[in-house]
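Note that these values count all heavy atoms, side chains included, but never hydrogens, waters or copies made by symmetry. Numbered from 1 within each chain, the chains take letters A, B, ... in sequence-line order.
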2 protein chains.
Amino acid sequence: MARTKEFNEDQALDKAIEIFWHKGYNGTSAQDLVNHLGLSRSSLYDTFGDKQKLFVKSLKRYQKQNHDVLIELLENAPNIKTAFTEIFKQAVIESLQDRITKGCFMVNSSVELAMHDPEIAKIVHDNQKTVEDIFSKAIKKGQDLGQISDKQEARSLARFIFNNYSGIRVLARTGERDKQVYDDILKSIFALF
Amino acid sequence: MARTKEFNEDQALDKAIEIFWHKGYNGTSAQDLVNHLGLSRSSLYDTFGDKQKLFVKSLKRYQKQNHDVLIELLENAPNIKTAFTEIFKQAVIESLQDRITKGCFMVNSSVELAMHDPEIAKIVHDNQKTVEDIFSKAIKKGQDLGQISDKQEARSLARFIFNNYSGIRVLARTGERDKQVYDDILKSIFALF
DNA sequence: CTGATTCAGGAACGATTGTTCCGTATTTTT
DNA sequence: AAAAATACGGAACAATCGTTCCTGAATCAG
């Protein structure tokens with residue numbers, strides 16, 4: 001019927017994730033989006049509706065990407081405890097090498113928007129529930145295999161792990177570059193495991 | 001020389017803390033400040049300079065208030081471990097009863113601004129260092145008194161505690177109202193202690 | 001090729017942003 | 001009492017905000 005889109009919608013979304021992740025929702029202007037996504041205002045609004053809708057779509061995409069990675073890592077791991085340490089080590093590496101410290105897009109959005117935007121609040125809560133379930137399932141398996149201490153309930157441990165993951169991402173967002181600080185935290189976390 | 005101020009500057013700052021804490025920096029408009037502080041635009045700008053200066057002053061005041069509470073609680077405590085559990089229990093109580101979930105003003109500001117405003121970044125870093133020192137000193141004392149396990153170094157534990165404190169405040173900010181979630185996390189934290 | 005359709009670019013919108021300025025009221029010092 | 005100084009309230013500022021709309025180019029079906 002008509003001409004085809006000159007841009008890939010998913011690629012544009014990934015660009016949107018980048019800029020929202022870096023600058024936050026309120027800190028990102030429509031002009032920032034135009035510049036960073038490399039498409040015109042009209043295309044942007046025609047395709048995604050408005051800024052809030054674009055943000056929601058970006059956050060959901062980010063969420064899915066992260067869940068897939070977590071599931072992949074934990075389900076195929078021969079040793080669950082090792083897999084968890086790898087997940088954290090990876091987060092530390094990212095935190096240290098990130099020239100522009102972005103932290104975690106989900107954590108950032110929780111803090112900035114969850115209490116002011118019900119739709120974001122729902123995403124954040126879904127995320128907590130889902131990650132908690134992924135962790136919990138893996139920990140249970142690890143406990144059955146004798147790889148993880150079963151002194152603590154699996155769900156309790158899962159929530160604890162999630163909490164420390166949030167904390168580390170906040171630390172990264174503050175620009176902490178001292179590896180020793182992260183390692184100290186990890187040492188304590190896995191002493192319990 | 002001239003007429004006296006009709007408002008108390010510290011009281012105004014406390015009001016500023018409230019609104020910035022609730023809405024964040026970018027989310028709070030000049031009009032919000034006028035409404036909430038209850039003083040005119042001119043008085044506001046004459047007294048505090050501009051929005052950023054007011055924010056910095058608010059955050060510094062909040063920081064000092066919190067440090068004072070921590071020091072007070074930890075230095076006079078007969079049992080250090082008990083004191084830490086009380087600090088966390090208090091944070092949980094605040095998180096649960098806060099009708100408008102504000103989280104922690106320092107954590108919120110870290111996430112929103114630390115990487116975009118060097119002055120805020122400095123405050124956030126000072127805060128980390130100071131709280132870490134307060135915690136570390138208390139833990140060392142607790143270890144000497146045999147109240148806290150000395151399997152882990154004091155500073156390492158301090159960083160771990162700080163990390164979990166951040167995490168819990170993020171959780172509060174998301175609006176989590178299930179006490180069990182917080183209790184699960186606390187149970188794991190103090191299993192290590 | 002023609003006509004229908006949808007694209008991209010950018011001008012333009014009203015609303016809101018943070019900030020400044022001015023006139024008036026009020027208080028203290030001389 | 002007069003004068004100097006400052007707080008106050010609100011109008012007004014330019015800039016930027018998110019969003020809409022208009023124009024012309026591009027691409028498809030017939």
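One can place CD of A:Glu9 at 16 Å from C1' of C:dA8, the figure rounded to the nearest angstrom. The distance from atom CG of A:Leu33 to atom C1' of D:dT19 is 13 Å, rounded to the nearest whole Å. Following rounding to the nearest Å, A:Gln31 (CD) and D:dT16 (P) show an atom-to-atom distance of 11 Å.
Checked against the 6.0 Å centroid threshold, B:His22 and A:His116 count as a close aromatic pair. Ring pair B:Phe55/B:Tyr62: centre-to-centre distance not below 6.0 Å. Under the 6.0 Å cut-off for aromatic ring centres, A:Phe135 and A:Tyr165 do not qualify, their centroids lying 6.0 Å or more apart.
Heavy-atom distances under 4.0 Å link DNA chain D to B:Ser40, B:Arg41, B:Ser42, B:Ser43 of residues 36-58 of chain B, given in residue order. Of the residues in residues 12-29 of chain B, B:Thr28, B:Ser29 come within less than 4.0 Å of DNA chain C through at least one heavy atom, sorted by number.
Annotation: cation-pi geometry not satisfied between A:Lys81 and A:Phe190 (NZ/CZ under 6.0 angstrom from ring centroid, within 45° of ring axis).
The side chain to side chain contact (heavy atoms under 4.5 Å, CB included) test with B:Leu13 singles out one residue from B:Lys60, B:Glu18, B:Lys57, and that residue is B:Lys57. Tested against B:Met106, the residues B:Asn66, B:Val131, B:Ile123 include a single side chain to side chain contact (heavy atoms under 4.5 Å, CB included) partner, B:Ile123.
A:Asp32 has its side chain within reach of A:Lys23: a pair of non-hydrogen atoms, C-beta onward, lies under 4.5 Å apart. For the pair A:Leu157 and B:Ser188, the minimum side-chain heavy-atom distance is below 4.5 Å.
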